[in-house]
Amino acid sequence: MVNIKFPDGKTIEYPDGVTPFAIAEKISRKLAKSAVCARVNGILTDITTPLSGDVELNILTDDTPEGLEVIRHSTSHVMAEAVKRLYPQAKLAIGPSIEDGFYYDFDVAEPFVPEDLPKIEKEMAGIIAEKKPFVRIEMERGKAIEMMKSKDEPYKVELLSEIKDDKISLYKQGDFTDLCRGPHIPNTGKVPFFKILKATGAYWRGNERGKMLQRIYGTAFATKEALAEYLNHLEEVKKRDHRRLGKDLDLFSTHEEAGAGLIFWHPRGAMIRYLAEEFWKKEHLRHGYQLLNTPHIAKDSLWKISGHLDFYRESMYASMDVDGMKYHVKPMNCPGHILVYKTKVRSYRDLPIRWAELGTVYRYERPGVLHGLLRVRGFTQDDAHIFCEPSKIDEEVLRTTKFAIHILNSFGFSEFDVSIGTMPEKYIGSPDIWKKAINALENALKIIGISYTMEEGGGAFYGPKIDIKIKDSLKRAWQCSTIQVDFNLPERFDIVYAAADGTLQRPIMIHRALVGSLERFFGILIEHYGGAFPMWLAPVQVIIASISEGNVAYAEKLAEQFRSEDVRVETDVRNERISLKIRDAIAEKVPYILIVGEREEQNNMVSVRERNKGDTGQVPVQDFLKKIREESIFRKG
RNA sequence: GCCGAGGUAGCUCAGUGGUAGAGCAGCGGUUUCGUAAACCGCAGGUCGUGGGUUCGACCCCCAUCCUCGGCUCCA
């Protein structure tokens, strides 16, 4: 007999060799139907594995995260079988479940083309209809290697030869056998609602110099609704794509003539940038920073001292000749700030010095990685460098982190993922000094009470860092803030301050960016708001639309009045119907549309149409102005 | 950088070895209109760029630039 302990604490006896599935059937038909796998004494297993001894049992249904993962993993096996049926020459690599779905990598002579995907989907449907059981097979590693050799699956052989255990497991459905830890769903008929999404290239084991394989991505969900919802979500993401909205809303462009990854800000985009910059500068001044401006190019001697020519060369553009000397476009602002520091003797009384600059830098990014505003070659960092006494490092990191969160909050973000990056392989400075810095970062985060993760090896070459990722309205995470301690540059540039005891001491430097880069953050903002910017950032806050020719003068008079009060207003006095003007203004995602005709003109009123609310009726002009004046100040989206 | 897909009018897209198309936007006219598309007309393209094959290339081939989906990278 086996004693089964259930999650609710009850223990029931079953005959030896009973399977979780049989137990589920006993409990209810519904449970048996939705059961996907089981957790037996904490270990995920097949639902068909016989049980013995005393076990704690969790039956996992298709609506649990583990259940869904198993479903997706099994679907990847089904897809692999389908591919092998259609393309017998294909070699299998790996096929895990991932967030939101799964993929499988194949080595095929001809890359998959989009037309292949429906064929594969159809084949999968056939396999699913066959309801073939997933059978777990355990065997000696050597035997498995033999088997995969005989099947001519070199990638599986390679994987097997690296596994430490002698006993390995395989899963078989019909004639298709794959190396796999499991668990799996009981049979292929249990694959619920799936979709193949795309085929791409991917390196074997992620190695750039390795073989390029072909990867097929797909997803699967327990219910039709969940799949539909996910596909819907993908549509929503597409609709909010900043490249799409950037074009539709006339915010920015890139140009083949100018080069890849170089952004041109159009009037409306530039207005949003101006508003963001203005806010950013004011907040910095309020938080104890001073502003700096430094040049875009500098002689290679500067980059030699900073170490960039040694450590950052791949990301720097080639030098240009100026009077027989080599100059480089700057990839970072820090050396410039240090030069300013060095212009006079600094006292401990001057510290901390906090210098901020919206500094434009240029970095070489490989052509394949460029992406709209999110990955570019020229961008403006919202940079700052803090020079402080070593004893003040905790305090400054704390301050900076709080400030970062304040700024991000102001732009409408309130969820964060925080991590600390530790010493990478390529680094400068002593390990001891690194340890100290990491402690400082951890202390600061502990004091604030933010939870964080450690990213081993995730630091910059010159020091450890705190990274803050924001979550946008679609729950996607974006790296924005970074706070980096630097024990190294002060050393390289030999910067000092006069301490209280009259000795010269080395300050600590903290590099930090809050929104990261203006280009990237702009892209994030566009997607976060779906182009519908809050009042304080909206490039056009109000469109005044005239009903007919007779009201044009009134519309323009109002616009002039609004403009004099710093309202960002435009008029639409085209010879068009009001419904067309409303339609166009809605497409531009303008917060307020004011409709003015005879009725409004006579009483000095406006008819208000609010974004997302529709027609909200007539109000006196002064009332409307008062309302939007207040809204324009309000931040946090 | 690697694998794949793509680049035709301002935008979205059709076309396919034999004279380059539509809708929207633009411009002109008519209409003067009350909350998500009035009507008529006009104009707009060296089909990303450079070579090649061909009697003839938007179409086929090569190179190159740019974009997209991934991989890799991301101080």
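To find a chain, count down the sequence lines: A is the first, B the second, and so on, and within it residues start at 1.
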Rounded to whole Å, the CD1-P distance (A:Ile216 to B:G69) equals 19 Å

A:Lys247 has its side chain closest, among B:C68, B:U72, B:U12, to B:U12

Over 60° means perpendicular and under 30° means parallel, so classify the ring planes of A:His385 and A:Phe387, tilted if in between.
tilted

Cation over ring, A:Lys91 on A:Tyr155, under 6.0 Å and within 45°?
no

Using Watson-Crick pairs (N1 to N3, plus N6-O4 or O6-N4) and G-U wobble pairs, both distances under 3.5 Å, which stems of at least 3 pairs involve RNA chain B?
B:1-7 with B:65-71, B:10-13 with B:21-24, B:26-30 with B:38-42, B:48-52 with B:60-64

Where the side chain of A:Pro111 is defined as all heavy atoms beyond and including C-beta, which of B:G34, B:A37, B:C3 is the nearest nucleotide?
B:C3

Mind checking if A:Leu580 touches a base, just sugar-phosphate, or nothing, with heavy atoms under 4.0 Å?
sugar-phosphate

Just compare B:U35, B:C68, B:U72 and give me whichever is closest to any side-chain atom of A:Ile582.
B:U35

Would you mind telling me which of B:A36, B:U32, B:C3 lies closest to the side-chain atoms of A:Met212?
B:C3

Contact nearer the 5' end of RNA chain B, comparing A:Leu213 with A:Trp204
A:Leu213

What integer distance in Å separates A:Asp107:CG from B:C71:P?
18 Å

Using a strict threshold of under 4.0 Å (side-chain N to carboxylate O), is an ion pair present between A:Lys627 and A:Asp623?
no

Base, sugar-phosphate alone, or nothing: which one does A:His371 contact when heavy atoms must sit under 4.0 Å apart?
sugar-phosphate

Once you apply a heavy-atom cut-off of 4.0 Å, does A:Ile578 come out as touching a base, just sugar-phosphate, or nothing?
sugar-phosphate

Is A:Asp494 salt-bridged to A:Arg506, going by a charged N under 4.0 Å from an acidic O?
yes

Options B:C71, B:G70, B:U32, nucleotide nearest the side-chain atoms of A:Tyr203
B:C71

The side chain of A:Arg577 lies closest to which of these nucleotides: B:U35, B:A38, B:G34?
B:A38

What nucleic acid atoms does A:Gln479 come within less than 4.0 Å of, heavy atoms only: base, sugar-phosphate, or nothing?
nothing

How long is the gap from OH on A:Tyr317 to OH on A:Tyr364, to the nearest 0.5 Å?
7.5 Å

Have a look at A:Gly307 and say if it touches a base, only the backbone sugar-phosphate, or nothing, with a 4.0 Å heavy-atom cut-off.
nothing

For A:Lys198 and B:G70, is the shortest distance between a side-chain N/O and OP1 or OP2 below 4.0 Å?
yes

Atom CZ of A:Arg366 and atom P of B:A75: how far apart are they, to the nearest Å?
13 Å

Taking any heavy-atom pair under 4.0 Å as a contact, classify A:Gly372: base, sugar-phosphate, or nothing.
sugar-phosphate

Tell me: CD of A:Gln381 to P of B:C74, nearest whole Å?
17 Å

Scan A:Gly206 against the nucleic acid and name what it touches under 4.0 Å (heavy atoms): base, sugar-phosphate only, or nothing.
sugar-phosphate

Base, sugar-phosphate alone, or nothing: which one does A:Tyr462 contact when heavy atoms must sit under 4.0 Å apart?
nothing

Which label fits A:Phe562 and A:Phe624: parallel for a plane angle under 30°, tilted from 30 to 60°, or perpendicular past 60°?
parallel

Which is true for A:Arg244 with a 4.0 Å heavy-atom rule: it touches a base, it touches only sugar-phosphate, or it touches nothing?
sugar-phosphate

Please compare A:Glu598 and A:Arg363 by the position of their nearest nucleotide in RNA chain B and report the one closer to 5'.
A:Glu598

Taking N or O atoms only and anything under 3.5 Å, show me the protein contacts with nucleotides 63-65 of chain B, one pair per line.
from, atom 1, to, atom 2, distance (Å)
B:C65, O2', A:Glu256, OE2, 3.4
B:C65, O2, A:Glu256, OE2, 2.7

Looking at every strand, decide which applies to A:Lys581 at a 4.0 Å heavy-atom threshold: base, sugar-phosphate, or nothing.
nothing

Hey, does A:Ser607 reach any base, or is it just sugar-phosphate, or nothing, if we go heavy atoms under 4.0 Å?
base

Going by an N to O cut-off under 4.0 Å, is there a salt bridge joining A:Lys465 and A:Glu455?
no

Could A:Arg215 and A:Tyr103 be counted as a cation-pi pair, given that NZ or CZ must be under 6.0 Å from the ring centre and within 45° of the axis?
yes

Look at all strands and tell whether A:Arg375 reaches a base, only sugar-phosphate, or nothing, counting heavy atoms closer than 4.0 Å.
base

Pick base, sugar-phosphate or nothing for A:Glu314, based on heavy-atom distances below 4.0 Å to the nucleic acid.
nothing

Closest approach to the side chain of A:Glu600, judged atom by atom: which nucleotide of B:G34, B:A37, B:C73 is it?
B:G34

